[in-house]
Amino acid sequence: SVPEYEEEKTEAFHILVYPNPSSGMFTFKSSELDRQLILNVYDITGRVIDTDQFIHSTQLDLSSFENGIYIYTVADQNGDTKTGRIILRK
């Protein structure tokens with residue numbers, strides 16, 4: 001038989017990254033106040049250069065890396081993923 005309820009799907013979260021471009025320090029802020037998120041940052045070759053777990057916001061220091069474009073993914077436990085790029089310009 002068909003269940004008489006609909007499964008609730010959580011709304012996707014939003015990520016704000018600033019400043020971008022930056023000379024080294026980036027802030028990642030989520031629209032979610034209580035959902036644990038996983039941040040991965042990749043260099044242009046696809047190598048993971050940093051990873052972090054956070055709730056709501058975190059800071060990332062790339063000042064020891066070379067100028068360029070880096071890709072980030074932020075994912076929650078439901079599989080929702082946001083992808084973007086950050087620019088390091090010292």
Decide yes or no for [X] and [Y]: does some side-chain heavy atom of the first lie under 4.5 Å from some side-chain heavy atom of the second?
| X | Y | answer |
| --- | --- | --- |
| Ile49 | Leu62 | yes |
| His56 | Glu32 | no |
| Asp80 | Arg35 | yes |

For Ser57, the side-chain hydrogen bond (donor to acceptor under 3.5 Å, both in side chains) test, sequence neighbours excluded, returns none
Which atom names give the shortest non-hydrogen contact between Gln59 and Met25, and what distance separates them?
CB-SD, 4.1 Å
If you take all heavy atoms of Pro19 and Ser22, which pair is closest and at what distance?
O-CB, 3.4 Å
In a table with atom names and distances, give each donor-acceptor pair under 3.5 Å that connects a side chain of residues 82-90 to protein atoms at least two apart or in another chain.
| residue | atom | partner | partner atom | Å |
| --- | --- | --- | --- | --- |
| Lys82 | NZ | Phe13 | O | 3.4 |
| Lys90 | NZ | Ser63 | O | 2.9 |
| Lys90 | NZ | Phe65 | O | 2.6 |

Are Phe54 and Tyr70 connected into the same hydrophobic cluster when the rule is that any two of I, L, V, M, F, W, Y join if their side-chain heavy atoms are below 4.5 Å apart?
yes
Decide if the gap between the ring center of Phe26 and the ring center of Tyr72 is smaller than 6.0 angstrom.
no
Provide the full list of salt bridge (Lys or Arg N to Asp or Glu O under 4.0 Å) pairs with a residue in residues 46-69, sequence neighbours left out, each pair given once.
Asp43-Arg47
Measuring from [X]:[atom1] to [Y]:[atom2], what's the distance to the nearest 0.5 Å?
| X | Y | atom1 | atom2 | value |
| --- | --- | --- | --- | --- |
| Tyr18 | Leu16 | OH | CG | 6.5 Å |
| Ile71 | Thr45 | CD1 | OG1 | 11.0 Å |
| Ile15 | Ser31 | CD1 | OG | 7.0 Å |
| Ile38 | Thr58 | CD1 | OG1 | 12.5 Å |
| Gln77 | Leu37 | CD | CG | 7.5 Å |

